[in-house]
Amino acid sequence: MSKLRITVCRDCCCGTVKKHPTVDHGYQLARLRAVAAEVGATVRVAECLDTCETSNVVVVQAKGGKPVWLGFVLSDAAVDDIEAWLKAGGPGVAPLSDTLELHRITPPGQRKAQ
């Protein structure tokens, strides 16, 4: 499997109890770190990915591949789907499930260019 990098937006509106009071942001991050360890990925936390209207954002990128941006990661079910996708190989190997396709967002730089 390719080396994967998972970027989790936190510390702006993503990952805040003020914006998403029913989400256990720490638990989500811990789960993503645990699955990353299982599949040989790295996790980094970004302060802001400039897509606050679609928070919480998770970006997954395989080495040499295009990043897959996922927004509205607000439930355990969404993290379950990300976990299953990563364990199946992630970007470039396994297709996104229909549910994860609903979470796919356009990166901010591409929205501005359109």
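Every heavy atom of this structure was used, including side-chain atoms; hydrogens, water molecules and symmetry mates were not.
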Worksheet item: If you measure from CD1 on Ile82 to OG1 on Thr99, what distance do you get to the nearest 0.5 Å?
Response: 11.5 Å
Discussion item. Measuring from atom OG1 of Thr54 to atom CH2 of Trp69, what distance do you get when rounded to the nearest 0.5 angstrom?
Written reply: 8.5 Å
Worksheet item: Quick one: does Val59's side chain get under 4.5 Å of Val68's, heavy atoms only?
Response: no
Fill in: Donor-acceptor pair, side chain of Lys3 and main chain of Ala41, under 3.5 angstrom
no
Worksheet item: Which atom names give the shortest non-hydrogen contact between Gly89 and Leu4, and what distance separates them?
Response: O-CD1, 4.3 Å
Fill in: 4.5 Å side-chain heavy-atom contact, Asn56 and Phe72
no
Practice prompt. Considering non-hydrogen atoms only, spot the tightest contact between Cys48 and Cys9 and give its length.
Written response: CA-SG, 3.8 Å
Practice prompt. Find the distance between CG (Asp76) and CD (Glu83) and round it off to the nearest 0.5 Å.
Written response: 10.5 Å
Item to complete: Please tell me if the side chains of Lys87 and Val39 come closer than 4.5 Å, counting only heavy atoms from C-beta onward.
Response: yes
Worksheet item: Under 3.5 Å, is there a donor-acceptor pair between the Ser55 and His20 side chains?
Response: yes
Response to the item:
Taken in chain and number order and not counting sequence neighbours, the residues that satisfy side chain to side chain contact (heavy atoms under 4.5 Å, CB included) with Ala37 are none
Practice prompt. Could you check Trp85 against Val60 for side chain to side chain contact (heavy atoms under 4.5 Å, CB included), going step by step and ending with a plain yes or no?
Written response: CA-CA 11 Å; Trp85 177 54; Val60 182; 3.8 Å; yes
Worksheet, complete the sentence: In terms of heavy-atom contacts, Ala46 and Leu49 come closest through CB-CD2, 3.7 Å
Worksheet entry | Beyond-backbone contact of Leu100 with Leu70, side-chain heavy atoms, under 4.5 angstrom | yes
Worksheet item: To the nearest 0.5 Å, what is the distance between CZ (Arg33) and OG1 (Thr42)?
Response: 11.0 Å
Worksheet item: Any side-chain donor paired with an acceptor under 3.5 Å for Gln28 and Arg10?
Response: yes
Worksheet item: Which value, rounded to the nearest 0.5 Å, describes the distance between His25 atom NE2 and Leu74 atom CG?
Response: 8.0 Å
Practice prompt. State, without any angle test, whether Arg44 and Thr7 hold a side-chain donor-acceptor pair at a distance under 3.5 Å.
Written response: yes
Item to complete: Report yes or no: does Lys19 contribute a side-chain atom to a donor-acceptor pair with the main-chain N or O of Cys52 at less than 3.5 Å?
Response: yes
Worksheet entry | Nearest-0.5 Å distance, CG of residue Leu86 to CD of residue Glu38 | 10.0 Å
